[in-house]
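Because the structure is a prediction, the values reported are computed rather than measured. One-based numbering, in listed order, for ligands and for the atoms of each.
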Amino acid sequence: MTEFDIIREFFQRCADAPDLRVGIGDDGAVLRPRPGFDQVVVTDTLVEGRHFPPEFAPADIGWRVLAVNLSDMAAMGASPRFAFLNLALPRADREWLHGFTEGFFELAQAAGVVLAGGDTTEGPLCISVTLLGEVPQDAALLRSGARAGDRICISGQPGEAMAGLDQLLAGTMPQDRTLIDRFRRPQPRLALGRALTGKASAAIDVSDGLLADLGHMLDASKQGARIDLSQLPVSAALKSHAENAVDYVLAGGDDYELCFCIAPDRLALLRAQDVACDVHDIGEVLAEPGLKVIDVDGNEYHPARQGWEHFSGARE
Ligand code: ADP
Ligand code: MG
């Protein structure tokens with residue numbers, strides 16, 4: 001199979017979209033942005049052994065490389081439109097490509113994303129996706145808008161993905177696959193992100209851990225915060241996985257949930273909307289700098305770990 005066979009067989013799919021004038025097959029894609037919208041561009045790379053274990057199924061890799069980008073899109077409040085896929089493959093492996101494209105296009109279809117171009121080359125397995133999306137003019141959600149008095153919210157169940165990765169790495173396949181599936185198939189919170197435009201004051205997606213990413217948002221907003229330990233969601237699956245389940249919630253990575261700040265009256269409006277996931281109110285933005293987790297007795301709680309630091313050698 002040549003590079004061109006691979007493109008034709010696996011990636012060139014019928015793409016009928018009014019904002020795509022030229023797709024795969026020419027030297028470049030030609031897009032026509034909709035008037036009244038700002039364009040949002042995000043990109044993310046996955047390297048085997050670094051961002052997913054070597055035994056990860058090709059379909060899960062295909063899903064994941066798109067999901068992590070969609071999660072960034074959701075955090076901007078944007079709707080994804082076009083994907084560009086740069087693929088370095090050790091060899092032209094039909095079975096691998098079938099699996100990969102199955103996972104990739106399953107999520108692409110669900111999210112309304114069209115693959116509009118890319119590059120295919122031989123090399124150590126490395127996959128990069130760039131995603132273009134749109135958001136109504138000036139409505140993009142930024143990290144920097146949080147204000148004292150805002151509520152701090154988190155979607156879904158942070159911590160479960162990290163617990164699932166523990167189970168995968170331990171190699172013992174539990175009967176209940178809840179946690180492993182949360183790591184295998186992150187669910188980008190696109191409906192929530194869109195619902196947050198015009199309501200939330202700041203948003204970020206959680207990939208390094210709740211405290212770490214909330215910290216980034218507070219830094220960008222020049223604010224501090226108090227998190228109420230008793231308000232953190234801790235699922236039954238997480239409790240049965242670990243005694244320190246709450247530390248997973250605070251510092252587990254790979255969640256791809258949305259953390260956002262929102263004025264209390266707007267949170268009430270959001271509650272009336274269907275956003276296809278749970279939203280938990282876990283704390284408050286404060287004018288004093290610093291991020292504290294407070295237990296029911298008013299004492300500060302210090303989790304055993306703080307989250308994943310990029311380039312710290314722990315994990316990237
Ligand atoms: P060029 O040699 O002009 O750079 P390529 O042969 O690399 O062009 O690509 C031909 C077409 O196939 C282009 O439209 C490119 O965007 C598309 N393409 C290549 N690889 C991929 C891929 N992995 N996924 C999607 N589109 C791809
Ligand atoms: Mg060319």
- Is E257 paired with R182 through a side-chain N to carboxylate O contact shorter than 4.0 Å? yes
- Task: Using a 4.0 Å heavy-atom threshold (strictly under), name the region of I7 that reaches ligand 1: side chain, backbone, both or neither.
- Result: side chain
- Can you check whether Q137's main-chain N or O pairs, donor with acceptor, with D38's side chain at less than 3.5 Å? no
- Below 3.5 angstrom, do we get any N/O pair linking I24 and ligand 1? no
Determine all donor-acceptor pairs shorter than 3.5 Å in which one atom belongs to a side chain in residues 290-299; sequence neighbours excluded.
unit_1	atom_1	unit_2	atom_2	d
D295	OD1	D297	N	2.9
D295	OD1	G298	N	3.1
D295	OD1	N299	N	2.9

- Query: Does some non-hydrogen atom of Q12 fall short of 4.0 Å from ligand 1?
  - Reply: no
- Could you tell me if the ring centre of F183 sits under 6.0 Å from that of F56? yes
- Any salt bridge (Lys or Arg N to Asp or Glu O under 4.0 Å) pairs touching residues 124-142, not counting sequence neighbours? R34-E134
- Task: Answer yes or no: does an N/O atom from L87 fall short of 3.5 Å to an N/O atom of ligand 1?
- Result: no
- Task: Report, in ascending order of atom number, the atoms of ligand 1 lying under 4.0 Å from any heavy atom of D27.
- Result: 3 (O)
- When R64 is tested against each of N69, D254, D44 for side-chain hydrogen bond (donor to acceptor under 3.5 Å, both in side chains), which residue passes? D254
- Pull out every atom of ligand 1 sitting under 4.0 Å from any heavy atom of L115, numbered as shown with elements. 24 (N), 25 (C)
- Proximal ligand 1 atoms for F4, defined as those under 4.0 Å from one of its heavy atoms: 6 (O)
